[in-house]
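Heads up: the structure comes next, in structure tokens.
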There are 2 protein chains.
Amino acid sequence: MRATVKDVARRAGVSPKTVSNVMNGVVPVAAPTRLRVEQAMAELDYVPNLSARGLRNGRSGVIGLALPDLATPFSAELTQSIVEVAHAQGFSVQIEETGSDPHREHELMTRARANLIDGLILNPVVLKESAVQMGVALPPVVLLGEVTQQLADRVFVDSFAAARDMTLALAKPGRRRIAVLGVNRGRHSATAIQRAGGYEAALQILGIPKDESLMISCDSWTPASAAASLAEYLDANPLPDALFCFTDSMALGALNTLWKRGVRVPDDIAVAGFDDVNDGRYAVPSLTTVSFDKRAIATQALRLLTERMSDRNHGQKLVEIGYTIEERDSSKS
Amino acid sequence: MRATVKDVARRAGVSPKTVSNVMNGVVPVAAPTRLRVEQAMAELDYVPNLSARGLRNGRSGVIGLALPDLATPFSAELTQSIVEVAHAQGFSVQIEETGSDPHREHELMTRARANLIDGLILNPVVLKESAVQMGVALPPVVLLGEVTQQLADRVFVDSFAAARDMTLALAKPGRRRIAVLGVNRGRHSATAIQRAGGYEAALQILGIPKDESLMISCDSWTPASAAASLAEYLDANPLPDALFCFTDSMALGALNTLWKRGVRVPDDIAVAGFDDVNDGRYAVPSLTTVSFDKRAIATQALRLLTERMSDRNHGQKLVEIGYTIEERDSSKS
DNA sequence: TTGAAAGCGATACCAG
DNA sequence: CTGGTATCGCTTTCAA
């Protein structure tokens with residue numbers, strides 16, 4: 001049977017309250033008393049029951065992290081940062097996968113309280129204003145990414161500007177047929193819309209007419225799906241001069257397809273991605289990409305979340321994270 | 001203020017017990033009563049408090065997943081499988097990172113009860129018998145991987161045999177200088193020891209004398225570390241005929257280094273990895289690897305964990321997961 | 001089939 | 001600075 005505060009208190013000859021004081025360290029306790037209590041805790045191998053504490057305090061010390069696809073390297077790197085930052089602040093992280101399903105995104109937000117979590121960091125894909133509005137009593141939530149809505153706090157990279165700048169960077173002399181990979185026809189991924197928008201803005205700046213046939217769709221943002229989509233595309237279309245993939249994962253799949261067909265990168269086609277994951281940096285050739293500080297995202301998301309937890313009523317807070325264009329071998333001219 | 005069972009009960013004109021019965025669905029409730037209760041729950045936007053339930057039941061419905069490095073694609077894919085399988089069984093997953101620190105591994109096991117979790121799936125790196133033995137009252141734990149100890153349940157791939165078979169597969173005619181990358185000098189990674197052992201066993205079968213200078217160390221199993229280690233190695237040593245990296249992540253880093261130096265894969269050197277991550281399948285060239293079913297690992301780990309939770313006293317259970325050698329372009333002869 | 005009341009373990013209030 | 005006590009929300013005997 002596990003030891004409780006009562007057991008510790010009895011063994012130390014004090015009251016449960018004193019034991020609690022020793023643990024929480026906020027109320028001062030006389031040194032000898034503290035020593036007796038600490039010894040009793042050690043002897044009994046005492047471990048506090050967090051369910052009980054959570055019930056009493058109304059906080060569990062756990063935050064939720066919900067991502068669309070847990071299998072991607074980007075998810076892994078972001079998760080690592082968030083877990084490490086959360087841990088440093090005394091939070092545990094409970095992880096969820098939404099599968100880009102708006103219904104699931106909504107359920108996670110509204111039922112968060114049931115899931116034993118004090119707050120939620122959510123990377124939504126299609127979450128619209130409506131989904132956030134309807135929940136009257138939302139838990140503290142911080143959104144990650146480009147979704148447009150006015151209620152929840154949010155940490156984001158300016159995908160529009162980044163995609164525009166990347167497109168401009170790809171448009172070296174002689175490279176005018178610039179394709180994008182990752183357009184989602186049908187589904188309304190906010191990220192895809194932003195990045196496609198930035199791409200189109202760049203074309204306008206460059207004076208290149210928009211060509212629908214250069215916008216390659218790819219519903220699942222995975223290497224497998226990207227490789228297949230690009231292969232199918234190249235069977236029916238001429239090789240573009242450059243290919244801007246909306247994620248590094250897709251870019252890696254694209255590189256594989258190009259290599260299989262004997263297309264040389266960057267000589268025959270320049271390739272770029274977005275996210276700057278480790279595997280892109282070590283791709284063959286190393287991948288040009290939009291880079292941003294994932295640790296900063298984690299830090300800011302946790303800051304916003306804790307601020308929201310302590311004051312549920314302040315206005316919406318937005319934090320923008322900067323980006324850089326990392327030109328690597330896949331687009332060197 | 002959040003609604004409680006009492007509020008629901010009052011509104012439905014029943015007792016709290018009846019509300020509880022409706023939720024848990026085990027004790028039969030008359031249809032009209034159930035309807036009234038369900039309506040009351042909906043009207044009050046009732047969400048059960050899991051801390052209270054956990055306190056009462058002694059179970060939180062959360063399991064822990066502790067991995068050495070959350071940033072790797074392998075961690076991501078394994079996490080995805082475990083989250084999905086756990087979710088299907090009604091468990092949430094709390095994620096932790098050990099950083100390969102044995103002290104942290106031990107702490108997670110012994111303090112698991114404090115962390116609000118019912119059980120722990122742990123992928124240890126250096127956990128020795130001692131670390132498991134000393135905990136008198138361990139929580140339900142399932143270990144992942146090759147660590148040798150006799151107490152905790154475990155799901156594993158036979159790394160020794162897999163490494164042996166991969167080495168044999170690499171040893172095509174004319175390829176006798178087979179190197180390995182990922183040997184950990186100093187630290188005692190159980191996985192590294194197993195894989196190095198399998199490699200040496202294959203050499204013996206092949207009648208190739210072991211050559212210490214072909215065992216390249218690499219403490220951190222990341223692409224960055226692998227790329228750097230291999231570069232340093234190649235500066236001082238001739239190119240081997242084949243390179244067996246102990247993880248796909250390292251292999252990707254190695255491919256990058258080889259490519260930068262103009263070494264052709266597989267013509268000049270065959271390369272292989274271990275884990276079969278998505279990014280390896282789409283590497284340039286696509287990566288030969290040891291493949292195994294990550295979903296099966298998740299399924300079996302959860303089965304062992306739930307069995308252990310319902311019976312803390314049965315003997316140690318071991319489940320072996322099969323593997324296959326996937327020969328892809330990086331080692332085609 | 002349903003109701004009343006006890007109690008899981010930790011904490012905060014209020015005395016002393 | 002420390003002790004008694006009520007309480008968080010839910011489930012579970014035991015009765016009816």
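The structure presented is a predicted model; accordingly, all values stated were derived computationally and were not measured.
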- Task: Check DNA chain D against residues 35-42 of chain A and give the residues with a non-hydrogen atom under 4.0 Å, in numerical order.
- Result: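 Close to the strand, none.
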Closest non-hydrogen atom pair, [X] against [Y]:
X: A:Leu70; Y: A:Glu97; value: N-OE2, 2.9 Å
X: B:Phe292; Y: B:Ile321; value: CB-CG2, 4.4 Å
X: B:Gln94; Y: B:Ile117; value: OE1-CG2, 3.9 Å

- Any side-chain N or O of A:Ser20 under 4.0 Å from OP1/OP2 of C:dT11?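 For C:dT11, OP1/OP2 do have a side-chain N/O of A:Ser20 under 4.0 Å.
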- Message: Just N and O in the side chain of B:Thr33: are any of them under 4.0 Å from OP1 or OP2 of C:dT1?
- Response: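 Looking at the OP1 and OP2 atoms of C:dT1, neither is under 4.0 Å from any side-chain N or O of B:Thr33.
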- Message: Any heavy-atom pair between the side chains of A:Pro68 and A:Asn123 that's under 4.5 Å?
- Response: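 A:Asn123 reaches A:Pro68 side chain to side chain.
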- Does a salt bridge link A:Asp153 with A:Arg308, judged by any charged N lying under 4.0 Å from a carboxylate O?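 Yes.
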Among [options], the one nearest [X] by side-chain distance:
X: A:Ser15; options: D:dT11, C:dT2, D:dG3; result: D:dG3
X: A:Lys17; options: D:dT2, C:dG3, C:dC13; result: C:dC13
X: A:Val29; options: D:dC10, C:dT2, D:dT2; result: D:dT2

- Task: Quick one: label A:Val19 by what it contacts on the DNA or RNA (base, sugar-phosphate, nothing), any heavy atom closer than 4.0 Å.
- Result: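 Nothing, no nucleic acid heavy atom in range.
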- Task: Identify, residue by residue, the members of residues 51-59 of chain A with a heavy atom below 4.0 Å from DNA chain C, and return them in order of residue number, or none.
- Result: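 Result for residues 51-59 of chain A: A:Ala52, A:Arg53, A:Leu55, A:Arg56, A:Asn57, sorted by number.
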- Which angle, to the nearest 10 degrees, lies between the helix axes at the two ends of the helix from C:dT1-D:dA16 to C:dG16-D:dC1, each defined by five pairs?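 Here the helix ends are tilted 30° relative to one another.
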- Message: Does atom CZ (A:Arg59) have a neighbourhood of more than 12 heavy atoms from anything else shown, all under 6.0 Å?
- Response: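 Atom CZ in A:Arg59 is not crowded, with 12 or fewer foreign heavy atoms closer than 6.0 Å.
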- Short side-chain to backbone donor-acceptor contact, A:Glu105 and A:Val125, under 3.5 Å: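 Yes.
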- Message: Under 3.5 Å, is there a donor on one side chain and an acceptor on the other for B:Arg303 and B:Gln300?
- Response: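 Checked: B:Arg303/B:Gln300 side chains pair up, N/O donor to acceptor below 3.5 Å.
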